[in-house]
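Down below is the structure, laid out as structure tokens.
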Amino acid sequence: MADGLPFSRLCVIGGGLIGTSLARAAKASDAGIETVIADASASVVATIRDKGFADRATTNVLDAVTGADLVVLAVPVGAMGAVGAAIAPSLKDGAVVSDVGSVKNSVLEDLAAVLPDHVHLIPGHPVAGAEKSGPEASRATLFVNRWSILTPPEDADPAAVARLRAFWESIGAMVEIMDAAHHDLVLAVTSHLPHLIAFTIVGTADDLETVHKSEVMKFSAGGFRDFTRIAASDPVMWRDIFLNNREAVIEVLGRFSEELSVLQRAIRWGDGAALEAAFSRTRAIRRGIVEIGQDTDREDFGRDLPAPYSQS
Ligand code: NAP
């Protein structure tokens with residue numbers, strides 16, 4: 001490792017949106033880190049090579065992790081255990097092994113069961129992303145001003161945690177450390193439930209579509225359009241998130257159903273005061289998100305109007 005740098009070689013397994021963005025961010029930073037990406041798909045590897053998104057790209061995971069002092073798994077949550085087992089024989093002594101999976105408890109369990117004792121397992125989750133998949137959708141700036149949550153096990157080496165924190169900070173992220181189970185509950189509320197609602201609403205509209213297909217499309221700017229963006233997220237990734245964060249999602253879904261029933265009752269009985277109180281509370285939450293810089297205050301989420309309405 002060069003002086004002052006947290007790591008000298010990063011190996012990312014899974015060259016999709018998040019994995020390739022991570023390698024590109026590391027390459028673009030002044031951390032002087034060598035970047036290697038391994039992916040199961042030859043066409044993904046070819047794209048990464050063609051575009052120069054990493055210093056090296058290969059389909060051979062054992063070869064890829066050899067000599068890496070930071071290994072980050074960026075595959076769907078359900079594949080983490082199998083990938084961990086596949087790379088285990090080649091991992092360098094003292095390497096930090098992390099991941100970017102959207103669920104943490106199951107990943108911690110799956111990886112702890114297969115990784116050797118001579119590496120430091122520190123799971124992580126960058127709260128940044130998009131509804132697009134694959135290396136072509138990657139961006140070197142994806143993690144700038146975004147939170148990256150690290151969920152080290154209780155017995156994790158503090159020095160290894162500090163190095164991983166320094167790495168994320170070197171690519172512009174803000175780092176928070178929490179317990180894996182707490183992470184899963186927080187993300188069930190802030191990400192998993194909203195996605196489930198979006199999948200449901202878009203599905204409901206699709207069922208109505210046979211009757212009102214053109215209206216659903218035409219008047220989508222009324223709110224529906226914003227749900228469709230979330231509902232376009234990768235099906236495999238989201239299947240794995242719900243299968244692996246079952247308990248927390250069921251817990252928040254129960255609370256959501258209760259809140260929904262309260263609003264349903266207020267609408268049925270014409271209780272305007274209750275509706276106004278509920279919507280004032282949620283408006284304040286939106287204001288808070290903008291104030292801490294986690295979204296833009298520009299009209300319509302800062303969307304550019306399509307031509308001929310846009311002004312350049
Ligand atoms: P993605 O664009 O679909 O990339 C995943 C990549 O992993 C694909 O190239 C896939 O190849 C490859 N892969 C799958 N199984 C593999 C295996 N066994 N060995 C090697 N490569 C394998 O997905 P992503 O959005 O980057 O998500 C990756 C991880 O990041 C997931 O765990 C997700 O929960 C997490 N995450 C996603 C977001 C987001 O907004 N997208 C945000 C934060 C965290 P194939 O295409 O050939 O299967």
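First listed ligand is number 1; within each ligand, the first listed atom is number 1. One-based numbering along the sequence shown.
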**Complete:** Quick look: Ala40 vs ligand 1, heavy-atom contacts under 4.0 Å, and the answer is both
**Prompt:** Would a 4.5 Å heavy-atom cut-off, applied to side chains only, mark Ser233 and His195 as touching?
**Reply:** yes
**Asked** So Arg265 and Asp271, salt bridge (charged side-chain N to carboxylate O under 4.0 Å, His left out) or not? Walk me through it.
**Response** CA-CA 8 Å; Arg265 190 182 154 80; Asp271 187 348; over 6 Å; no
**Message:** Against ligand 1, does Ala38 come closer than 4.0 Å with any heavy atom?
**Reply:** no
**Prompt:** Side chain or backbone of Ala128 under 4.0 Å from ligand 1, or both, or neither, by non-hydrogen atoms?
**Reply:** backbone
**Request:** Would you verify that at least one protein heavy atom lies under 4.0 Å from atom 4 (O) of ligand 1, or report that none does?
**Result:** yes
**Message:** Within the 4.0 Å heavy-atom shell around Ser41, which atoms of ligand 1 are there?
**Reply:** 47 (O)
**Asked** Taking non-hydrogen atoms only, is Ile18 closer than 4.0 angstrom to ligand 1 via side chain, backbone, both or neither?
**Response** both
**Pair Glu169-Arg165, salt bridge (charged side-chain N to carboxylate O under 4.0 Å, His left out): steps then yes or no** = CA-CA 6 Å; Glu169 288 174 346; Arg165 172 193 276 272; 3.4 Å; yes
**Asked** Can you tell me if Ala82 has a non-hydrogen atom under 4.0 Å from ligand 1?
**Response** no
**Message:** Which residue and atom name correspond to the protein heavy atom nearest atom 37 (C) of ligand 1, and how close is it?
**Reply:** Met237 CE, 3.4 Å
**Prompt:** So how far is it from Asp226 CG to Ile230 CD1, rounded to the nearest 0.5 Å?
**Reply:** 7.5 Å
**Prompt:** Mind checking whether Leu275 and Ile267 have side chains closer than 4.5 Å, heavy atoms only?
**Reply:** yes
**Prompt:** Which atoms of ligand 1 are found less than 4.0 Å from any heavy atom of Ser133?
**Reply:** 2 (O), 3 (O)
**Request:** Of the side chain and backbone of Ser233, name the one, both, or neither that has a heavy atom under 4.0 Å from an atom of ligand 1.
**Result:** neither
**Per-atom contacts of ligand 1 with Val100, taking only distances under 4.0 Å to non-hydrogen atoms** = 29 (C), 30 (O), 35 (C), 36 (N), 44 (C)
**Prompt:** How far is atom 13 (N) of ligand 1 from its nearest protein heavy atom, and which residue and atom name does that atom have?
**Reply:** Val75 CG1, 3.8 Å
**Request:** Using salt bridge (Lys or Arg N to Asp or Glu O under 4.0 Å) as the criterion, point out the one residue from Asp110, Asp99, Asp184 that pairs with Lys104.
**Result:** Asp99
**Message:** Could you identify the single nearest non-hydrogen protein atom to atom 46 (O) of ligand 1 and state the distance to 0.1 Å?
**Reply:** Val44 CG2, 4.9 Å
**Message:** Suppose I only count heavy atoms of Val83 and a 4.0 Å limit; which atoms of ligand 1 are within that range?
**Reply:** 17 (C), 18 (N), 19 (N)
**Request:** Establish, from distance only, whether the side-chain atoms of Arg139 and Ser21 form a donor-acceptor pair under 3.5 Å.
**Result:** no
**Message:** Counting only heavy atoms, tell me which of Pro76, Gly16, Gly15 gets closest to atom 1 (P) of ligand 1.
**Reply:** Gly16
**Protein heavy atom at shortest distance from atom 34 (O) of ligand 1** = Ser102 OG, 2.6 Å
**Message:** So, taking the atom named CD1 in Ile48 and the one named CZ in Arg24, what distance separates them when rounded to the nearest 0.5 Å?
**Reply:** 10.5 Å
**Message:** If the cut-off is 4.0 Å to any non-hydrogen atom of Pro126, which atoms of ligand 1 fall inside it?
**Reply:** 43 (C)
**Prompt:** Just which atoms of ligand 1 are under 4.0 Å from any heavy atom in His125?
**Reply:** 43 (C), 44 (C)
**Fill in**
Between Ala79 and Asp240 the two heavy atoms that sit nearest each other are N-OD2, 4.2 Å
**Fill in**
Closest to atom 28 (C) of ligand 1 by heavy-atom distance, out of Ala74, Ala42, Ala64, is Ala74
**Asked** Is the shortest N/O to N/O distance between Leu17 and ligand 1 below 3.5 Å?
**Response** yes
**Item:** Student check: side-chain heavy atoms of Leu164 and Leu70 closer than 4.5 Å
**Value:** yes
**Request:** Let me see the working for Glu291 and Arg287 under salt bridge (charged side-chain N to carboxylate O under 4.0 Å, His left out), right down to the final yes or no.
**Result:** CA-CA 6 Å; Glu291 273 166 23; Arg287 230 179 268 134; 5.8 Å; no
**Prompt:** Do Asp63 and Thr58 have side-chain N/O donor and acceptor atoms under 3.5 Å apart?
**Reply:** no
**Asp69 side chain vs Arg9 backbone, donor-acceptor pair below 3.5 Å** = yes
**Item:** Ligand-residue contact atoms, ligand 1 with Gly134, heavy atoms, under 4.0 Å
**Value:** 2 (O)
**Asked** Do the side chains of Leu111 and Pro123 get nearer than 4.5 Å, heavy atoms only?
**Response** no
**Item:** Heavy-atom closest pair, residues Asp39 and Gly16
**Value:** OD2-N, 4.3 Å
**Message:** Within ligand 1, which atoms have a heavy atom of Gly14 less than 4.0 Å away?
**Reply:** 7 (O)
**Asked** Does Glu131 approach ligand 1 within less than 4.0 angstrom via side chain, backbone, both or neither, non-hydrogen atoms only?
**Response** neither
**Message:** In the complex you have, is atom 23 (O) of ligand 1 within reach of the protein, judged by whether a heavy-atom distance drops under 4.0 Å?
**Reply:** no
**Message:** For atom 9 (O) of ligand 1, tell me which residue out of Asp39, Ile48, Val77 has the closest non-hydrogen atom.
**Reply:** Asp39
